[in-house]
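Notes for the one structure printed next.
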There are 2 protein chains.
Amino acid sequence: MKTLSIKDIAVQANVSITTVSFIINGKAKEKSISEAVIEKVEKIIEESGYKPNQIARSLRTGNSNIIGLIIEDISNSFFSRIARLIEDKAYKRGYKIIYSSTENSVDKAKELINMFKSRKVDAYIISPIKGIEEDINMLLTDNKPVILFDRNLPNVDTNYVGADHFNASYQSIESFIKQGKKNIALVTTDIDVQQITERYDGYKKALEDNGITYSDDLVVKIHFNQEEAETISQIKTLLESKKIDAVLFATNYLAISGLKVLKQINKKIGDEFAVIAYDDHEAFELHTPSISTVQQPLEEIAETVIKLILSQLSSKTKLENQQVIIPAKLIIRD
Amino acid sequence: MKTLSIKDIAVQANVSITTVSFIINGKAKEKSISEAVIEKVEKIIEESGYKPNQIARSLRTGNSNIIGLIIEDISNSFFSRIARLIEDKAYKRGYKIIYSSTENSVDKAKELINMFKSRKVDAYIISPIKGIEEDINMLLTDNKPVILFDRNLPNVDTNYVGADHFNASYQSIESFIKQGKKNIALVTTDIDVQQITERYDGYKKALEDNGITYSDDLVVKIHFNQEEAETISQIKTLLESKKIDAVLFATNYLAISGLKVLKQINKKIGDEFAVIAYDDHEAFELHTPSISTVQQPLEEIAETVIKLILSQLSSKTKLENQQVIIPAKLIIRD
DNA sequence: TGAATTTAGTAAAACGTTTTACGTTATCTC
DNA sequence: GAGATAACGTAAAACGTTTTACTAAATTCA
């Protein structure tokens, strides 16, 4: 069964292809097609179930109604929740999402950008990594809307939406200090992206401002792509050997590993020892005791990203770039 | 900056478009293009950074190297983990994934299938819902490979990959019974999909086989799209009022809500009261005490799905449909 | 009434590829 | 040395749309 084309409809309705095209695209009035013809054609389209070939459309118009979403890892709940929200909102406005995970590999990220480019996606939503600045700049010279989120790139001049990582981290540490904690550790990753370094900077600054000397011994940087067993053993070393009385985990998956360690070594969270995790996770609320977390405003981030994209897509002229920083919320539990 | 086309390359190399096309597609040898020309053209392509326009390619060839993935909800960790695995494996074989969530809406599912169709995706991976049988059958008459996973549709004759939900459920209940439990509840959803009814049937059969009378009072079916607060209150009613000594939760998100209830009403899991959750979740291992779960073989499911897809895509003839049922694993914790 | 305008519609080019069918020359075979 | 084959390559159609520039008839206007 050959699939129908606009030509088949035209033949059946005994009008030209052009006329059908105008009707499909809602330009019938403007192009002064008579009511009678419009109805006839629409009826045929309806009955035959004809659907325009989007590929041909894209080839001709140069756009696709598709937005490309590039994230670190769709199986991380932070990203999958954001993806769902973005998908949802985009869908309501007639846009589809293609997504892919970079797994923090520069090569894969570059490849993804290329693939999206050759598929003519209309806009890009990227949670970027260092090393792809040039590729992004090429998109920008192509006049494609690009929104970075979660992490910013210093050398790229475009839109950015993200949480205020520095202050969230700062406040977390301050809350530890107010509880009288003195030996506050930080478990973070070694990937060199802005939102991670901000969390680190917030940690450091909060200590300084409160007269606590920063010590490298209390910070462990976990290698991104390693096995969880390795991560667990590194965190275990930290938590066992030191007289640490509080820990901030810089990502939710590090916190998960950390909680596993605490269970293994039977170290209890309570008055003697406090924990805060960055990025909420269902496990944290359920944990006994509940784990305090820094909640990113997912809904707001997604909404802002989509709003920026759409306003750019609908505007003829290049809009002013925007940097939207949304406060994160420290949720103290138990 | 206009983007380069194959024509620009041809002009620059002073050969025909055809020749460039043959070289790009590795048909140079076969079409007896000389080594010299090949090298020249490849050099120009390399230097200019030319990338073929996939849209034009798709229009001409009728396929896209894209696989469409339709799932219930990308923010559910079961699906996001499967998606990540599938994406990964597809990517290694040169295929990209477009995904979208149905949110269990028949209309949205139909729309998605249409959109994928008009984008000429090469194959479909679908975690289906009732009501889209006809749409899927149309894909099949179009000779597109379709793999259903997680849930099967009785009236659709195609490939299926999923876990053995009936037995997993049966075994869970049996393990309760072996522990001496008598009043075993089931918390499930009201969506009418195969993998959910199988879990229900396994529950019922295990009770029967062990001489325990089934009671409707011990089963609560949660409406799919409702607010979590509502869900929690329904589960609370169940767990508070009955002398229940064990519960099987039929999905991970129901189990999460259930655990929240237990925390609220301060009911402890232990010798007196046992819990098993379907589909693992990070929260379960961390929970105190750890929660036993039915683990689906994600890796195997993803691998099998991709294997089936690829063998169909590379085969000229229609292959025999396969139904792959993979055992799930009951993990008893603590 | 005849020029101008409006109404109703169409032909054909263009988007960037792949692929079929064909055209030269050079080489081989006997 | 003539016919066949191989080597090297190309022109042009086709994929299914959108859009520009156009035409022919009907209506309006003064």
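Lettering follows sequence order; numbering is per chain, from 1. Being a predicted model, the structure only gives us computed values, none of them experimental. What's counted below: heavy atoms across the whole structure, side chains too, no hydrogens, waters or symmetry copies.
Remark: the Thr61(A) side chain and the Asn63(A) side chain contain an N/O donor-acceptor pair separated by less than 3.5 Å. A donor and an acceptor atom, one from each side chain of Gln194(A) and Asp150(A), are nowhere located under 3.5 Å apart. Judged purely by distance below 3.5 Å, without hydrogens or angles, the side chains of Thr19(A) and Ser16(A) pair a donor atom with an acceptor atom. In this structure, a donor-acceptor pair under 3.5 Å is present between the side chains of Asp73(A) and Ser75(A). Checking Ser100(A) against Glu87(B) by side-chain atom types alone, a donor-acceptor pair falls below 3.5 Å.
Applying a 4.0 Å cut-off to non-hydrogen atoms, the residues of residues 7-20 of chain B that approach DNA chain C are Ile17(B), Thr18(B), listed by residue number. Contacts of residues 35-45 of chain B with DNA chain C (heavy atom under 4.0 Å): none. Within residues 25-33 of chain B, the residues that place at least one heavy atom under 4.0 Å from DNA chain D are, in residue-number order, Lys31(B), Ser32(B), Ile33(B). Taking every heavy atom of residues 57-66 of chain A and every atom of DNA chain C, pairs under 4.0 Å involve Leu59(A), Arg60(A), by number.
Of the residues listed (Glu46(A), Glu39(A), Glu47(A)), the one engaging Lys43(A) in a salt bridge (charged side-chain N to carboxylate O under 4.0 Å, His left out) is Glu47(A), and it is the only one.
For Phe22(B), the listed nucleotide lying nearest its side chain is dT10(D); candidates were dT10(D), dT19(D), dG9(C).
Between Lys96(B) and Glu111(A) there is no salt bridge, since no side-chain nitrogen of the basic residue lies less than 4.0 Å from a carboxylate oxygen of the acidic one. Salt bridge annotation for Glu134(B)-Lys110(B): absent, with no cationic side-chain nitrogen under 4.0 angstrom from a carboxylate oxygen.
Within 4.0 Å (heavy atoms only), Ser21(B) reaches at least one base atom of the nucleic acid.
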Would Ile6(B) and Tyr50(B) count as a side-chain contact (heavy atoms from CB on, under 4.5 Å) if you check the C-alpha gap in whole Å, the side-chain angles of each, and the deciding distance to 0.1 Å?
CA-CA 8 Å; Ile6(B) 195 172; Tyr50(B) 163 73; 3.6 Å; yes
May I have the step-by-step check of salt bridge (charged side-chain N to carboxylate O under 4.0 Å, His left out) for Glu299(A) and Lys89(A), ending in yes or no?
CA-CA 10 Å; Glu299(A) 182 84 37; Lys89(A) 292 171 201 301; 2.8 Å; yes
Check against side-chain contact (heavy atoms from CB on, under 4.5 Å), Leu313(B) and Asp122(B):
CA-CA 8 Å; Leu313(B) 283 174; Asp122(B) 293 350; 4.0 Å; yes
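Distance CG (Asn53(B)) to C1' (dT18(C)): 13 Å, rounded to an integer number of Å.
With a 4.5 Å cut-off on side-chain heavy atoms, Glu72(A) and Val193(A) do not count as touching.
Under the side chain to side chain donor-acceptor pair (under 3.5 Å) criterion, Glu35(B) pairs with Lys29(B), not counting sequence neighbours.
Neither OP1 nor OP2 of dG16(D) sits under 4.0 Å from any side-chain N or O of Tyr50(A).
Both tests hold for Lys108(B) against Tyr91(A): distance to the six-membered ring centre under 6.0 Å, angle to the ring axis within 45°. Figure legend: Lys144(B) and Phe116(B) shown without cation-pi pairing, the cationic atom not lying both under 6.0 angstrom from the six-membered ring centre and within 45 degrees of its axis.
Note on the helix from dT1(C)-dA30(D) to dC30(C)-dG1(D): angle between the axes of the first and last five pairs equals 50°, rounded to 10 degrees.
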